[in-house]
Amino acid sequence: MAANAAPSGKPEEQRPQPEAVAFQASEHQHIRYNPLLDEWVLVSAHRMKRPWQGHVDPLPTDTIPRHDPKNPLCPGAVRANGEVNPNYEGTFLFNNDFPALQPDAPSPGPSDHPLFRAEAARGVCKVLCFHPWSDITLPLMSIPEIRAVIDTWASVTEELGSQYPWVQIFENKGTMMGCSNPHPHCQVWASSFLPDLARREEQNQRTYKKQHGGPMLLEYGRQEAERKERVVLESEHWLVLVPFWAVWPFQTLLLPRRHVKRLPELSSVERDDLASIMKRLLTKYDNLFETSFPYSMGWHGAPTGAEAEADCDHWQLHAHYYPPLLRSATIRKFMVGYELLAQAQRDLTPEQAAERLRTLPEDHYKLQPKDSS
Ligand code: H2U
Ligand code: ZN
């Protein structure tokens with residue numbers, strides 16, 4: 001079966017057709033194709049009507065001290081390796097003291113059986129503190145402060161990308177996403193190999209360009225900007241949308257409007273505009289359930305290192321935001337039985353999620369004057 005054929009393997013007209021009822025995405029379950037990863041998601045929006053008696057997470061703590069000399073990410077604090085952080089006033093980038101990848105890891109021996117394959121994994125892991133204060137998050141930072149984070153993302157991509165084929169920037173925000181430290185920060189892992197998701201995006205974007213003549217995500221952004229129903233935010237240079245194939249309830253994709261392959265290529269104007277649209281998106285996220293919205297996010301751009309010389313025109317830079325919350329600040333979406341054993345499933349439609357995000361205010365709920373009545 002071709003990779004992107006309908007998964008039943010039968011042409012549409014040979015399949016048994018149920019009684020003709022007008023299809024409504026919000027009422028009728030269906031599957032949608034993700035061309036970036038070549039996988040399908042089951043959309044069953046009517047499931048939102050079911051009552052919830054399951055797990056409720058605790059509310060995140062709201063009492064984080066601005067400066068804690070015992071927090072190893074704070075300015076002037078001592079880290080696990082004994083180093084003292086400088087009294088930084090903007091961003092602060094340092095080598096992770098517990099790196100998952102190291103530059104000098106030895107290679108496993110040759111495989112003696114096709115079912116037992118292993119390859120060398122080398123790399124570098126860094127941590128980037130966004131701000132000297134522990135009690136601030138990106139949506140509450142100023143646009144110049146967010147711009148400084150973007151500039152560091154671009155320069156670290158350039159620095160590590162000169163040596164490694166993949167530089168993964170990612171932020172785990174909130175304890176629900178496994179973030180181990182309340183101080184605003186992200187991580188950067190550069191690896192000697194293309195990680196799995198990068199490899200799949202590489203192959204699928206390459207194939208799409210061969211078949212259709214242009215970069216997949218450039219065309220996708222243009223289509224969504226015209227169709228409007230999944231757009232959350234637009235600016236002169238950027239677009240935020242809930243992808244047609246989104247898996248997580250309020251997942252979004254952040255795309256530049258022009259063809260950009262990697263973060264360092266962004267112009268100064270595009271970086272300022274990115275800082276502004278990130279602030280708007282993250283404010284909406286916080287406003288959705290009036291909580292510091294948890295998520296994992298990360299950037300994907302064309303491979304770097306020796307790969308950067310190869311033809312990468314099929315790549316379009318983008319960021320994915322994957323927030324786990326579904327119903328409230330304490331009720332998350334679980335990716336468990338069907339998702340682990342069959343395929344991803346979502347409860348509300350991407351169009352419903354986009355509409356909810358679109359209609360939320362862009363002023364942060366924490367900065368609203370309190371109603372004294
Ligand atoms: P997470 O909260 O996303 O886990 O990131 C915090 C990172 O900070 C984590 O990867 C690193 C941890 O290894 N860290 C140090 O490098 N040094 C320290 O002293 C504490 C935490
Ligand atoms: Zn991607």
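Only heavy atoms go into these numbers, but all of them, side chains included; no hydrogens, no water, no symmetry mates. The first residue in the sequence is number 1, and the count goes up from there.
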**Student:** Does any donor atom in the side chain of Glu219 or His212 lie under 3.5 Å from an acceptor atom in the other side chain?
**Tutor:**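 Note: Glu219 and His212 side chains miss the donor-acceptor criterion.
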**Student:** Can you check whether Leu263 reaches Ile169 side chain to side chain, under 4.5 Å on heavy atoms?
**Tutor:**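 Heavy-atom side-chain distance check passes, below 4.5 Å.
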**Student:** Who pairs with Thr291 by side-chain hydrogen bond (donor to acceptor under 3.5 Å, both in side chains), at least two apart in sequence or on another chain?
**Tutor:**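 Scan of Thr291 (side-chain hydrogen bond (donor to acceptor under 3.5 Å, both in side chains), adjacent residues dropped) gives none.
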**Student:** Under a 3.5 Å threshold, yes or no: a donor from one side chain and an acceptor from the other, between Gln352 and Arg356?
**Tutor:** no
**Student:** Do Glu83 and Asn81 meet the criterion of a side-chain donor-acceptor pair at a distance under 3.5 Å?
**Tutor:**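 Judged by distance alone, the side chains do pair up.
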**Student:** Can you pull the side-chain hydrogen bond (donor to acceptor under 3.5 Å, both in side chains) pairs that have at least one residue in residues 112-122, sequence neighbours excluded?
**Tutor:**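 Applying side-chain hydrogen bond (donor to acceptor under 3.5 Å, both in side chains) to every pair that reaches into residues 112-122, excluding sequence neighbours, yields Ser107-Arg122.
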**Student:** Report the residues that fulfil ring pair (Phe, Tyr, Trp, His ring centres under 6.0 Å) with Tyr321, sequence neighbours left out, ordered by chain and then residue number.
**Tutor:**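 Checked Tyr321 against ring pair (Phe, Tyr, Trp, His ring centres under 6.0 Å); matches are Tyr295.
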**Student:** Side chains of Leu325 and Pro323: does their closest heavy-atom pair fall under 4.5 Å?
**Tutor:** no
**Student:** Identify, with sequence neighbours excluded, every residue that meets side-chain hydrogen bond (donor to acceptor under 3.5 Å, both in side chains) alongside Thr207.
**Tutor:**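 Partners of Thr207 by the side-chain hydrogen bond (donor to acceptor under 3.5 Å, both in side chains) criterion come out as none, since no residue qualifies.
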**Student:** Tell me every residue that passes side chain to side chain contact (heavy atoms under 4.5 Å, CB included) with Glu339, counting only those two or more places apart in sequence or in another chain.
**Tutor:** Lys333, Met335, Gln345
**Student:** Is there a donor-acceptor contact under 3.5 Å from the side chain of Gln163 to the main chain of Leu160?
**Tutor:**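 Not at all, since once roles are kept as given, no pair shorter than 3.5 Å links the two residues.
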**Student:** Under the 3.5 angstrom rule, does the side chain of Arg262 hit a backbone N or O of Ala302 as a donor-acceptor pair?
**Tutor:** yes
**Student:** In this structure, which one of Thr157, Leu254, Val167 forms a side chain to side chain contact (heavy atoms under 4.5 Å, CB included) with Trp299?
**Tutor:** Leu254
**Student:** Could you check whether any side-chain N or O of His185 sits under 3.5 Å from a backbone N or O of Asn172, counting only pairs where one atom can act as donor and the other as acceptor?
**Tutor:** no
**Student:** If we ignore hydrogens and angles and just use 3.5 Å, is the side chain of Asp273 paired with the main-chain N or O of His237 as donor and acceptor?
**Tutor:** yes
**Student:** Which of parallel (below 30°), tilted (30 to 60°) and perpendicular (above 60°) describes Phe293 and Tyr285?
**Tutor:**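 Judged by the thresholds at 30° and 60°, the geometry between Phe293 and Tyr285 is parallel.
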**Student:** Indicate whether any N or O donor in one side chain lies under 3.5 Å from an N or O acceptor in the other, for Lys126 and Asn95.
**Tutor:**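 Yes, a side-chain donor-acceptor pair sits under 3.5 Å.
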**Student:** Using links of under 4.5 Å between side-chain heavy atoms of ILVMFWY residues, direct or through other members, which residues join Leu37 in one cluster?
**Tutor:**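 In the cluster with Leu37 are Leu197.
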**Student:** Would you say the side chain of Asp286 lies within less than 4.5 Å of the side chain of Glu290, judging by non-hydrogen atoms?
**Tutor:**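 No, their side chains stay 4.5 Å or more apart.
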**Student:** Run the ring pair (Phe, Tyr, Trp, His ring centres under 6.0 Å) test against Phe130 and tell me which residues pass, sequence neighbours left out.
**Tutor:**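 Ring pair (Phe, Tyr, Trp, His ring centres under 6.0 Å) check on Phe130 returns nothing, list empty.
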**Student:** Excluding sequence neighbours, so at least two apart, what forms side-chain hydrogen bond (donor to acceptor under 3.5 Å, both in side chains) with Glu201?
**Tutor:** His300, His318, His320
**Student:** Starting from Phe116, walk the hydrophobic network (Ile, Leu, Val, Met, Phe, Trp, Tyr; side-chain heavy atoms closer than 4.5 Å) and list everyone else you reach, by chain and number.
**Tutor:** Leu115
**Student:** With a cutoff of under 4.5 Å between side-chain heavy atoms, which Ile, Leu, Val, Met, Phe, Trp and Tyr residues group with Trp189?
**Tutor:**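 Hydrophobic cluster check, Trp189: joined to Leu101, Phe170, Phe193.
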**Student:** Working to the nearest 0.5 Å, report the span between CD1 of Ile146 and CG of Leu274.
**Tutor:** 9.0 Å
**Student:** Strictly by modelled atom types, are Glu158 and Ser155 linked by a side-chain donor-acceptor pair under 3.5 Å?
**Tutor:**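 No, no side-chain donor-acceptor contact under 3.5 Å.
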**Student:** Would you kindly say whether Lys173 and Ser292 are connected by a side-chain donor-acceptor distance under 3.5 Å?
**Tutor:**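 Their side chains do contain a donor-acceptor pair, which is all the 3.5 Å distance test asks for.
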**Student:** If you link ILVMFWY side chains whenever their heavy atoms are less than 4.5 Å apart, which other residues fall into the same cluster as Leu73? By chain and number, please.
**Tutor:**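 Noted: Leu73 shares its cluster with Tyr88, Phe92, Phe94, Val127.
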**Student:** Holding to salt bridge (charged side-chain N to carboxylate O under 4.0 Å, His left out), I want the full list of residues that pass it with Arg147, two or more places apart in sequence or in another chain.
**Tutor:**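 By the salt bridge (charged side-chain N to carboxylate O under 4.0 Å, His left out) rule, Arg147 matches Asp151, Asp272.
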